[in-house]
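Everything on this sheet refers to the single structure shown next.
Chain A is the first sequence line, chain B the second, and so forth, proteins listed ahead of strands; every chain is numbered from 1. Values below: all heavy atoms of this structure, side chains included; hydrogens, waters and symmetry mates excluded.
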Amino acid sequence: MTVSSRFTRLFTLTLSLIIAALAGISLYAALALERSLIPQLDQKMLTMGLTVNAKLDRALRYGIPLERLPGVADFFGTVLAADPDLAYLVLTRRDGTVLHQYGTSLPKPEQLADATAATLKMLPASQGAASADPAKEPWPIQALTARPLGDFYNLALPVGSGEAVAGVLHIGADANFVMQKIQEILFDIATVFVIATLVAFELLLLIVHHYLITPINRLEMVLSHIADGNLSHILPVSRDETGWLARLLNQLVERLNAAHQQILRQAASLQSATPAAVNRLSASLEQLWRGFTLAPKGRPAPYQLADLFGARVATFLFIFAVELSQSFLPLYARAYATDLSGSPTPLLISLPLTVFTLTAALSMPLAGWRFERAGSSRTFTEGALLMTLGLAGTGLAWGFYDLLAWRMLTAAGYAFMYVACQSYVVAHAPPQKQASSGALFVSGLMAATICGPAIGGILADHIGYTATFGCAAILAACAGLMAFRLLSAEPVPASPPRRPVRGGVVRAITGNGRFMLLMLFAAIPAKLLLNGFLFFLVPLTLSEFGGSRSEIGRIAMLYGLAALFLGPVFARLADRFALHGLLVGAGGLLAGIGLIPVFFFPATTGVLAGVLLLGIGQAMSISSQLALVTRIGRASIEQFGQGPVLGSYRLIERLGGASGPLVAAGLAAVFGYPGAITITGLLGVVTATLFSVSFLILGIEPEPDDELSPIAS
Amino acid sequence: MLVKITATITVLIAFVLGLAVLMNYAKFERTFNGLMQSRLAFLVQDLRDTLEFGLDLGLDPAAMANTAAILTREAAQDPHILSISVFNEQGRILYQYQSKLLDLHPVIPLTPAWLEIVLQTASKTPQHISDPETLMVGIPLINNFGRTVGGLILRYDRSFHDQELQQTLFNLIRAALLILIAASLVALLSVWLLFRSTRHELRQVCIALEDFLENQQRPASPHAGDSVLAALEVAAEQKSQEFQQRLILAGRILHLEQRLAGQAPHGSERRREGV
């Protein structure tokens, strides 16, 4: 059995256990809740029944027969309207005939007749014949409990007339009352399952790689080195089976190196005593050592294999921490903005989001500089510290302005951690695996984008904003600790000699018309839509529609799900059929079109469709956009290298993203939230159309004869 | 490795169960509170209707003689009702029902601030307030000219409410822990079975290498198994043996050189013995 099939089995096992655990606890919760809630429901039905009964009884005391009472059904309707937990109120005669009734759903008449007969049978003879007035002679309340009646719990109360019982009042609640309550959290349970699946995948991948695959790979590498005569490496020793083998291998390598050193020392002393033998001895020994590589000075170096999965899990954790608040951040900011100015403008509400995106974009170069000097582990740990403080501060902020400061701190931490992880992967990925290593980083990021908003919404709903920010801070700290442990052994990658290229790159790319068209009509609108719509307008709009924070989180999760699962599919299609331009245009159009109906159909479903189409549209366009950047900017890449060109592209894109909440807030101030969504969508459609038309006319790369007269110079 | 993988699965299941317990408990708490609050609100609204009927007839709240009897009758519906108070617009208590439970466990008296909250309420919707010992439901009394002439507050024993919530939380946590223990045991067993062959392979290679280290002169061991690791181990053993042969050769060369240089310890000894 291969390691990958073993991992698949392990993953399946974990999922099965998670499903079983969720099913078990849900079933138990259903039973436990039923046990506790049904007596409460009973008591409520009794309270209401006695009150209604007293009113009917008063009418009877005035000598009005039950069947002649006017407006009883309306009265029942008023009582039921005030309480959605109850299903019906029915008044029957002693023989079970229905006199008055009201309810959303009702039991069958024969069931009511049976229940009436059963109730009358239970009455003490004296009460059946004489007074049953609760005001004068209290009913034995404890004896009156609801009983199952078809699809309902039914409580039957005799209505006394002073002489004899004149009828029976039936109060009903849905028998599935508790199950309905449990069903209301089924979406949340399903969300937890999706998140648990992704978290399980990430953690198991890390554990299996860190404790099994990487140590075995290391063992195989060192064994194959020894088999090739290379005796210069030893292995880190852990406390498990691989560690045992590593210890033995180290013994072998160290013993051989020690014996070799001893021979060298003897040879050296001999050579110093008899200089005549130097050449002969050296030649003989050199011939003997041929085909073997020994450790310098007899001290073998530990064999290190970069743990890219560690970087992936660290990425997953810190993005998870940031995304935890994504689904409710505008609602949280609105609360602070309300304290500041009574009825805050959308612009004010958008500020924390804008400040975050802008600070993150502007901190990236600083983070890159720090990475080159301090290495990935230290940069990441510094970022984790900043983010932990920032998130904790956000949760405990005492005013709008310090909330902005905490968001800036969080964003700086985010930039440091992002750059540390991305650069670590780039620096340590084998040259032939650069693309797949990059994908490893992106997958961790996308998985966290799915989990964060959804779980954040659930947590905010149940434990509040401050505690959720506290959880986010703990996650960021955990990411820091994990990175410190997993990335610390790595040396700081040697930085290539720096060239003063930034100004040159900026001149080169601003002079490239196609590059600027791509930025203006594809890259910036994509980020604008993402930050303006998904992160700002969606929470506020859904909150306006009455959606809970859990619901907002679930809907925001759809974007990540679409991007995670469809992104690789579209990327493969684009590469295979060279469809990069088409997919960027079509993706932009789809993302924009999805938002347009919201103004005309302002409902949760419309926003949900918009988020889903945005996810699909961006899954189509994002990887193709990167491919277009490398094609369109080929000349600049050849001149300045890929890093500076892609860095400039990312910076422009992020600055566009920072403008997203501001643009969306400006539109919302004029047109309201649904209107702002529609106009943002129209903006997306217009820019995608302009992009498509421009590149249909110009082509992605200049024709040979165009090169003589560049379109923008 | 076995323990670490099992621990990871256990942590994951604990995370899932923790969230499930949190959600179920939150739902229970909301439903339980909803049922209790709506029941008490209904009681208070019914009392208000009864009292306002008197007000509509032009009676002064202080002069409604049957109020105390009405309060006692309503309070009889639930033994956990601690008190029902009717007060005028100045906040002076006019009538009050007090449960015998209050003699045994007195609670903080009604504060003017709470009465003020009820009197300030513009709507006819009951107001829910709570303190560490009681749940309170209050509602203003409004005459047929729309003027607030007083209010009423019902206080309910919180210990019963809190005990129910705690009991349910305890039951949910206990069930989650039992499920977690069972799932962890299944995980431990499954992981052990799943990685048994890997451990076996590693152990075989270890034994072969240990054997080789103890007795380096023997030919490379073929019993390390047929995995890639085992094949590499055999190749590494062979190369090590080759290197050891070279070390022996180097030793011999050194010995010869020493003898040639007249430095060999045995040669000098012998020469000395000969002298």
Inset, instruction - Mind checking the CG-CG spacing from A:L459 to B:L19? Nearest 0.5 Å is all I need. - result: 6.0 Å
Legend entry - Which atoms of B:I5 approach chain A - backbone, side chain, both or neither, heavy atom under 4.5 Å: both
Inset, instruction - Report yes if some heavy atom in the side chain of B:Q45 is under 4.5 Å from a heavy atom in the side chain of A:T51; otherwise report no. - result: no
Legend entry - Distance, nearest 0.5 Å, that separates CD of B:E237 from CG of A:L252: 8.5 Å
Legend entry - Choice from A:Q266, A:R247, A:H225, A:M48 maximising heavy atom contacts with chain B below 4.5 Å: A:M48
Legend entry - Segment of A:L285 engaging chain B (4.5 angstrom heavy-atom cut-off): side chain
Legend entry - Between B:V21, B:V11, B:L17, the one whose heavy-atom pairs under 4.5 Å with chain A are most numerous: B:L17
Legend entry - Proximity breakdown for A:Q262 and chain B, heavy-atom pairs closer than 4.5 Å: neither
Inset, instruction - Step through the shown structure and confirm whether more than 12 heavy atoms of other residues, nucleotides or ligands are within 6.0 Å of NE2 on B:H128. - result: yes
Inset, instruction - For B:H161 and A:Q40, run side-chain contact (heavy atoms from CB on, under 4.5 Å): C-alpha distance rounded to whole Å, both residues' side-chain angles, the deciding distance at 0.1 Å, then the answer. - result: CA-CA 11 Å; B:H161 167 268; A:Q40 283 301 312; over 6 Å; no
Inset, instruction - Of all the heavy-atom pairs spanning B:A235 and A:A227, show the shortest one and how long it is. - result: CB-CB, 3.6 Å
Inset, instruction - Would you mind telling me which of A:A196, A:A200, A:G291 has the largest number of heavy-atom pairs within less than 4.5 Å of chain B? - result: A:A200
Legend entry - Heavy-atom proximity to chain B below 4.5 Å, by part of A:A20: neither
Inset, instruction - Please answer whether the main-chain N or O of A:L46 pairs with a side-chain N or O of B:R39 as donor and acceptor at a distance below 3.5 Å. - result: no
Inset, instruction - Could you tell me the separation between the NZ atom of B:K27 and the CD1 atom of A:I189, rounded to the nearest 0.5 Å? - result: 11.5 Å
Legend entry - Interchain contact, A:T242 with chain B, by part (heavy-atom threshold 4.5 Å): both
Legend entry - Options A:D228, A:D461, A:V192, A:L288, ranked by heavy-atom pairs under 4.5 Å with chain B, top entry: A:L288
Inset, instruction - Find the one option among A:L245, A:L231, A:V222 whose heavy-atom pairs under 4.5 Å with chain B are most numerous. - result: A:L245
Legend entry - Best-contacting candidate, B:L2, B:I13, B:D78, B:L247, against chain A by heavy atom pairs under 4.5 angstrom: B:L247
Legend entry - Spacing of CD1 belonging to B:I179 relative to CD1 belonging to A:I25, to within rounding of 0.5 Å: 4.5 Å
Inset, instruction - Would you mind checking which part of B:L254 comes under 4.5 Å of any heavy atom in chain A, side chain (CB onward), backbone (N, CA, C, O), both or neither? - result: both
Legend entry - A:L294 versus chain B, the contacting section by heavy-atom distance below 4.5 Å: side chain
Legend entry - Contacting moiety of B:E210, where chain A heavy atoms sit under 4.5 Å: both
Legend entry - chain A contact via B:T8 - which portion, at a heavy-atom distance below 4.5 Å: side chain
Inset, instruction - Mind ranking B:A182, B:A41, B:A175 by heavy-atom pairs under 4.5 Å with chain A and telling me who comes out on top? - result: B:A175
Legend entry - Side-chain heavy-atom pair B:L194, A:L10 within 4.5 angstrom cut-off: yes
Inset, instruction - Measure the spacing between CD of A:Q43 and CG of B:L40 and express it to the nearest 0.5 Å. - result: 9.0 Å
Inset, instruction - Could you tell me which portion of A:L206 (side chain, backbone, both or neither) has an atom closer than 4.5 angstrom to a non-hydrogen atom of chain B? - result: neither
Legend entry - Residue among B:T198, B:V228, B:L43, B:T168 with most heavy-atom pairs under 4.5 Å to chain A: B:T198
Legend entry - Residue part contacting chain A, namely of B:F32, when any heavy atom lies under 4.5 Å: both
Inset, instruction - Taking the side chain as every heavy atom from C-beta outward, state whether B:T31 and A:L33 have any pair of such atoms under 4.5 Å apart. - result: no
Legend entry - Contact check, side chains of A:L204 and B:I9, non-hydrogen atoms, under 4.5 Å: yes
Legend entry - Portion of A:I207 that has a non-hydrogen atom of chain B nearer than 4.5 angstrom: side chain
Inset, instruction - State the CZ-CZ distance between A:R255 and B:F243, to the nearest 0.5 angstrom. - result: 13.5 Å
Inset, instruction - Identify which part of A:V79 has an atom lying under 4.5 Å from any heavy atom of chain B, answering side chain, backbone, both or neither. - result: side chain
Inset, instruction - In sequence, state the C-alpha distance, the side-chain angles, and the governing distance for A:I226 and B:L232, and then conclude on side-chain contact (heavy atoms from CB on, under 4.5 Å). - result: CA-CA 9 Å; A:I226 297 172; B:L232 283 170; over 6 Å; no
Legend entry - Verdict with reasoning, A:W244 to B:L202, per side-chain contact (heavy atoms from CB on, under 4.5 Å): CA-CA 9 Å; A:W244 183 21; B:L202 281 168; over 6 Å; no
Legend entry - chain B contact via A:Q287 - which portion, at a heavy-atom distance below 4.5 Å: backbone
Inset, instruction - Would you mind reporting whether B:V191 and A:L13 have side-chain heavy atoms less than 4.5 Å apart? - result: yes
Inset, instruction - Inspect the surroundings of CD in B:Q163 and state if more than 12 heavy atoms from other residues, nucleotides or ligands are less than 6.0 Å away. - result: no
Inset, instruction - Using non-hydrogen atoms and a 4.5 Å limit, figure out which bit of A:I263 sits close to chain B: side chain, backbone, both or neither. - result: both
Inset, instruction - Could you tell me which of B:G251, B:A7, B:S190 has the largest number of non-hydrogen atom pairs under 4.5 Å with chain A? - result: B:S190
Inset, instruction - Show the numbers, then the answer: is there a side-chain contact (heavy atoms from CB on, under 4.5 Å) between B:F15 and A:I455? - result: CA-CA 11 Å; B:F15 163 74; A:I455 210 86; 4.2 Å; yes
Legend entry - Leading residue by heavy atom contact count with chain B [cutoff under 4.5 Å; candidates A:L37, A:I18, A:L203, A:L219]: A:L37
Legend entry - Sub-4.5 Å side-chain heavy-atom contact between A:K44 and B:F42: no
